[in-house]
Each structure stands twice: as C-alpha cells, then as structure tokens.
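Lettering follows sequence order; numbering is per chain, from 1.
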Protein chains: 4
Amino acid sequence: MTTADTRPETVHGPHGYAKEKDAHLKRLRRIEGQIRGLQRMVEEDVYCIDILTQVSASTKALQSFALQLLEEHLRHCVAHAAAEGGAEIDAKVEEATAAIARLLRT
Amino acid sequence: MTTADTRPETVHGPHGYAKEKDAHLKRLRRIEGQIRGLQRMVEEDVYCIDILTQVSASTKALQSFALQLLEEHLRHCVAHAAAEGGAEIDAKVEEATAAIARLLRT
Amino acid sequence: MTTADTRPETVHGPHGYAKEKDAHLKRLRRIEGQIRGLQRMVEEDVYCIDILTQVSASTKALQSFALQLLEEHLRHCVAHAAAEGGAEIDAKVEEATAAIARLLRT
Amino acid sequence: MTTADTRPETVHGPHGYAKEKDAHLKRLRRIEGQIRGLQRMVEEDVYCIDILTQVSASTKALQSFALQLLEEHLRHCVAHAAAEGGAEIDAKVEEATAAIARLLRT
C-alpha cells in the first residue's frame, strides 16, 4: 500500500482537497447506512427481489464514488506526472488503467 | 415492498433458512467493515489507487451476496411457482430477470 | 457443449421458438454491424472517445441479448425442471446462477 | 463526432499508431467472428447456457478492447493536454471519466 506521503504535496492543497474529502466521507457514510439497511432487510425476511434492488443501489453508489475518485486522480496525479514529463507518466497511466479494469471486472 | 409473509411458508423452513440468514448477515457485516475501512482510508489520505482497489473488493463482495440471494430465490420462489403451475411463473421469471438486469447495469 | 436435443422437446414448440429465434438472429446481425462499424472507425482514425461510446453501445446490446436468452431459459428450462420435480431443479438453478455470475464479471 | 484531424499530429506518429491500429483491427475482427459464431449457435439451437458463455466471452473481449483504447487515450491525449497546460486538461479528464462511466454502466 502506497501512503499519502508519496503523493506530491503541491497537488492536493489543503483547501480543495479538504472539501473533496468531506464529500467522500459523506458519500461513504451513506453507503454504510445502505449496508446496514440491507442487514435489517435480511433480519426482517424482506422479499429477496427487494433486497436485490437495494444491493443494486449500493453497488451503483460505490461505482459512483469510484468514478469521482478516479476523476480526481486523473486530474491531479496523472496530469501532474504528465506536466512533469519523463517516464513517470507511463507508469501512472498503466496503474490507472489497471484500476479501471478492476472496476469493470466486478 | 413485499414482506416475508407473502412467501410460501413451506419453502423457507425455519432451519435451512436460519442458516442462510446467518451467512447473509455475516457477509453483510464484513461488507460494512469494508465500507468503514474505506472511510479510514479517505481520512488518512491513502493513495487513490489503493482506495479504488478496496472499492472493487467491496463491489465484488456485494455482487457475490446478490448472486447468493438470487440463487436461493430461483431455487425457492421461482421453482415453487413453477411447481404450482399457472400464470404465476411468468410473473416470477420477469421479476427475476428485471432484478438481474439491474445488477448488470450497475 | 450441450446440443439442442438434450432440451425437452415439449418446451420449445416450433412456433413460439421460431419467432424468438428470428428475433435473436436479427439482434445478433445488428451487433455484428456495430462491430464492423467499430472497424471502420478505427480505420478512419475516429477520435478514441467516440469509439469508446460505440463499444459501450455494443456491450449493452450484447447484455440485452443475454438477458433475453436468460429470461427464456428460466421460463422454459428451469421452470420445466421445477414442474417435473426431483433433483434436476438444483442443478439447473446452479447452472443458471453460474451463467449470471459470468455475465456480471465481464 | 470528432474526427481524427482534431487530434494533435505529433501524438500519434505514423509508426507507433499504425502498429496499434493493426492490433485493434485484428481484435475487432476476432470479436466479429465471435458474434457470427453466436448466430450459428442460435441457428443450430445450441443450449442457452452455452450461448450465454459465448456472450460473456464476447463482452469480455469488447471490454478488453475498450481498456486498450482508453490506456492509449490517457497516455496520448490526456497526457498531451496536461503537458500543454491550460484549461484543456479539465475538459479531457471529464470526457475520459464520462467514457469510463458509460463502460461501467453497461
């Protein structure tokens, strides 16, 4: 696992990033609530199809979070590497593509 | 939302279903833990790509739960409707296909 | 590969099935046209994003074909096995779930 | 639709791009063959589940093609815009993210 300190500090300024961070946490707390809702549904023997509908909503919310994260990553990290020039950009693009492939295969 | 009492009682006997229910709840609690893990990752500014990897794992776990639920639904409800005969089976199959379509589109 | 003669003859009457078959072939020919369209786009150096949009449309069309096929399969084969009773239904449901899992993972 | 001449010429040099183009066309011709194979399967009344397996293979091949295209796009167009600097990069990243969202939702 790569930790935050490997990322260029200039890219994630405290202000812009703090705002994004709050939005991410809010989103994730909502998804956590959906997963707890699923547990209640199972406990109360709710009809399978209704549970599946809620699973689809949670998966969609996770994908949406992933896309938001990916967009910021492309804008900050990938674009930053490109602006710097050099070999770094190829590694960054490969890494991002591999992450997209993992999202597509789920 | 359809509540549990609309399902045929003979299909979900107390023993078999209780076991499935425990397995479902265990699975969902693990997914809830993954979502809380994602919140920690965001809070600690973990590298985007590592967060995305964890999102893929959570989505995969949710899909896996959905497939388990779907299999039980086909085995119990759809097969039950088919054994009963009559028009019910068409409605059940359409309903199941629509649920699968929602899973595919996420 | 399982050939057609393993399916119960009573389930796919000549008329209903012939109609479905024509619809399937029409759909697949349209998808084949889309794939040839993609080749033209690559040959003419069309902008990547526009090619990706067309790939999404083709994938969606394939998924739609799969859902249609799956619905018929559940209605005919799975329901037929359920009506017959016996152990056959479990095998059929497992087989269908595995096929849905493969569709989800792509 | 954006045509090829809107892309920077320096990015897709004749040699590198020609090689990629051949690989893309080869891939797409293979997918076209798979779609024709699906038509034969339907015509010969092959068992639904076997047809679904082949649909999954074709969808996977299309996704794989899309990922290849996306990687080149990120490397060439997005990185190029970033290196140029200016507002272009935001538009490019948004456009790429929207394309990834379309791939995810199919």
Handout entry: Residues which pass side-chain hydrogen bond (donor to acceptor under 3.5 Å, both in side chains) with Gln39(C), listed by chain and number, not counting sequence neighbours
Key = Glu32(D)
Exercise for the section: Answer with side chain, backbone, both or neither: which region of Ile89(B) has an atom nearer than 4.5 Å to a non-hydrogen atom of chain C? Expected result: side chain
Problem - Segment of Ile100(C) engaging chain B (4.5 angstrom heavy-atom cut-off) - result: both
Handout entry: Heavy-atom proximity to chain B below 4.5 Å, by part of Gln68(C)
Key = neither
Handout entry: Nearest heavy-atom neighbours spanning Val93(B) and Glu71(C)
Key = CG1-O, 3.5 Å
Exercise for the section: Heavy-atom pairs under 4.5 Å with chain C are the metric here; pick the option from Asp90(B), Leu74(B), Val78(B) that has the most. Expected result: Asp90(B)
Practice task
List for me each residue that meets side chain to side chain contact (heavy atoms under 4.5 Å, CB included) alongside Ala23(C), sequence neighbours excluded, and say none if there are none.
Solution key: none
Problem - Side-chain touch Leu67(B)/Thr97(C), heavy atoms, less than 4.5 angstrom - result: yes
